[in-house]
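Since this is a predicted model, take the numbers as computed values, not measurements. Numbers restart at 1 for each chain; the letters A, B, ... are given by sequence-line order, proteins then strands.
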Protein chains: 2
Amino acid sequence: MSDFSIFKKHIRQFVKISDDEFEDVLKYFRIRKVKKGRVLIRAGQPVQHTHWVRSGMLVSRYADAKGKEHIIQFAFEDCWVTDQSAFYKQDKAQFTITAIEDCELLSISFDDRERLCDDIHTMNTFFRRKANESFAKQQKRLLTYLTAEAKDRYDIVMSEYPPQVRKLSKKLMAEYLGVSRETLSRPNKIKVKSQG
Amino acid sequence: MSDFSIFKKHIRQFVKISDDEFEDVLKYFRIRKVKKGRVLIRAGQPVQHTHWVRSGMLVSRYADAKGKEHIIQFAFEDCWVTDQSAFYKQDKAQFTITAIEDCELLSISFDDRERLCDDIHTMNTFFRRKANESFAKQQKRLLTYLTAEAKDRYDIVMSEYPPQVRKLSKKLMAEYLGVSRETLSRPNKIKVKSQG
């Protein structure tokens, strides 16, 4: 199996794609390495790329009007990560996305993704079906929020992740942020160091 | 302008499509009329179709584990409506979608939508971009929920609609449900008549 076998497997969860076609797909992406603690996307900055996580872990955070911090997503191996709204609209980020482990990403720009979808019909279908799946997942979270108390929401978000990710993300976040594990149940208490 | 000019305009917000191609697209849809008070999609039933609203208005509601009702969406002219998760997964509905005005819909089945996307590349792109836009809109709502008190959420959802829809939906819901307007600010108090 090639180095990119997990990415190929990921795409094949949604569409049929030949090995040759997959090799062509890879040409539209570039490998990007992000060191632990570095910011991939910063709130207020333009968002040009979306990223598939080959290895490592990232956290996407949102600061509301009152400056309170909310954890939006942990992204780990085999996840896509970007500030989606900003990426689709080619607008400025609302989220800050930070590597909490050394990461290797497969990154594609907005224009290259459009070109890929034009050139390889299968990938147009892939991104359509992936978008539908993401909508459904997000709706599930929305429904849980509708029916949950504010104090339970962080735990609900965490419960969506596999146990090893839950454990790892708490450990890594604590390490990175220099706070106790307990504090992570109350994301509003997190003080984030600004790192470029 | 033809009868379907608003639908053509809607598609052209996302992709370039010729008049001839648009005529072909229409062949994959069928017109469906739903009388005021009738249920289009019922929780627990399979979801085969997605619908673009040509005229009229519908409401999509979700009953949580405790039986408390939540309004998920008002769909009016130029909106798409279905139970998205159930439609994409070809699963059973979680939502009940009811016409609160006489409606005319353009309906397409899951299989026909896949066929349309295969046959007309532009429509594959249309549905991909539409799905990305829907994700971004839903995320906006999720962020508002994250930062709002439970008691304010219904008002926040309503504030996303144009003023005439807000007014009309309140009036129509009250009429349909036989409750006072004030009650509509507290959706948990709504008693829904079961209508097929």
Side-chain angles (χ1 to χ4, degrees), chain A residues 14-15 50 60-73 82-89 91 94-95 110 113-114 117-150 153-154 157 187-188, chain B residues 14-15 50 60 62-73 80 82-89 91 94-95 110 113-114 117-150 153-154 157 187-188:
Chain A
F14 296 89
V15 290
T50 187
S60 178
R61 282 177 293 195
Y62 170 69
D64 67 24
K66 293 170 193 158
K68 188 171 157 178
E69 281 240 339
H70 304 270
I71 289 173
I72 299 298
Q73 185 196 358
T82 189
D83 182 319
Q84 296 89 350
S85 301
F87 177 69
Y88 300 138
K89 292 180 202 162
D91 203 350
Q94 301 180 87
F95 304 153
F110 182 85
R113 196 179 82 123
E114 287 302 316
C117 289
D118 265 354
D119 296 346
I120 306 179
H121 188 101
T122 309
M123 289 305 290
N124 204 10
T125 304
F126 165 77
F127 282 115
R128 171 172 61 84
R129 291 184 182 158
K130 186 74 189 86
N132 289 156
E133 192 215 33
S134 299
F135 182 93
K137 278 190 180 171
Q138 186 177 246
Q139 189 169 66
K140 194 178 160 196
R141 185 190 281 198
L142 193 74
L143 294 181
T144 322
Y145 280 10
L146 263 177
T147 63
E149 296 298 320
R153 282 182 216 148
Y154 179 78
V157 172
N188 51 317
Chain B
F14 295 90
V15 290
T50 187
S60 178
Y62 170 68
D64 68 24
K66 294 171 192 157
K68 187 170 157 181
E69 281 242 338
H70 304 269
I71 289 173
I72 299 297
Q73 184 197 0
W80 289 88
T82 188
D83 181 319
Q84 296 92 348
S85 301
F87 177 69
Y88 300 138
K89 293 181 201 161
D91 202 350
Q94 301 181 86
F95 304 153
F110 182 84
R113 198 178 80 122
E114 288 300 317
C117 289
D118 266 354
D119 296 347
I120 305 179
H121 187 100
T122 309
M123 289 305 289
N124 204 11
T125 304
F126 165 77
F127 282 115
R128 171 172 61 83
R129 292 184 181 159
K130 185 76 189 88
N132 289 157
E133 192 215 33
S134 299
F135 182 93
K137 276 189 181 172
Q138 188 178 243
Q139 190 169 64
K140 193 178 160 195
R141 186 190 281 197
L142 193 73
L143 293 181
T144 322
Y145 280 10
L146 264 176
T147 62
E149 297 298 320
R153 283 183 216 147
Y154 179 78
V157 172
N188 50 318

Looking at A:Gln84, A:His121, A:Lys66, which makes the most heavy-atom pairs under 4.5 Å with chain B?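 It is A:His121.
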Given the options [options], which has more heavy-atom pairs under 4.5 Å with chain A than any of the others?
| options | value |
| --- | --- |
| B:Gln139, B:Gln138, B:Lys89 | B:Gln138 |
| B:Lys137, B:Lys130, B:Arg113 | B:Arg113 |
| B:Glu133, B:Arg129, B:Lys140 | B:Arg129 |

Can you tell if the side chain of A:Tyr62 reaches within under 4.5 Å of the side chain of A:Gln94, non-hydrogen atoms only?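 Result yes, sub-4.5 Å side-chain heavy-atom pair found.
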Are side-chain heavy atoms of B:Asn132 and B:Phe14 found at a separation under 4.5 Å?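 A side-chain contact is absent here, since even the closest heavy-atom pair is not under 4.5 Å.
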Taking all heavy atoms of A:Tyr88 and all of B:Phe135, pick out the closest pair and write down the distance. CE1-CD2, 4.4 Å
If the plane angle is over 60° it's perpendicular, under 30° parallel, otherwise tilted; pick one for B:Trp80 and B:Phe126. tilted
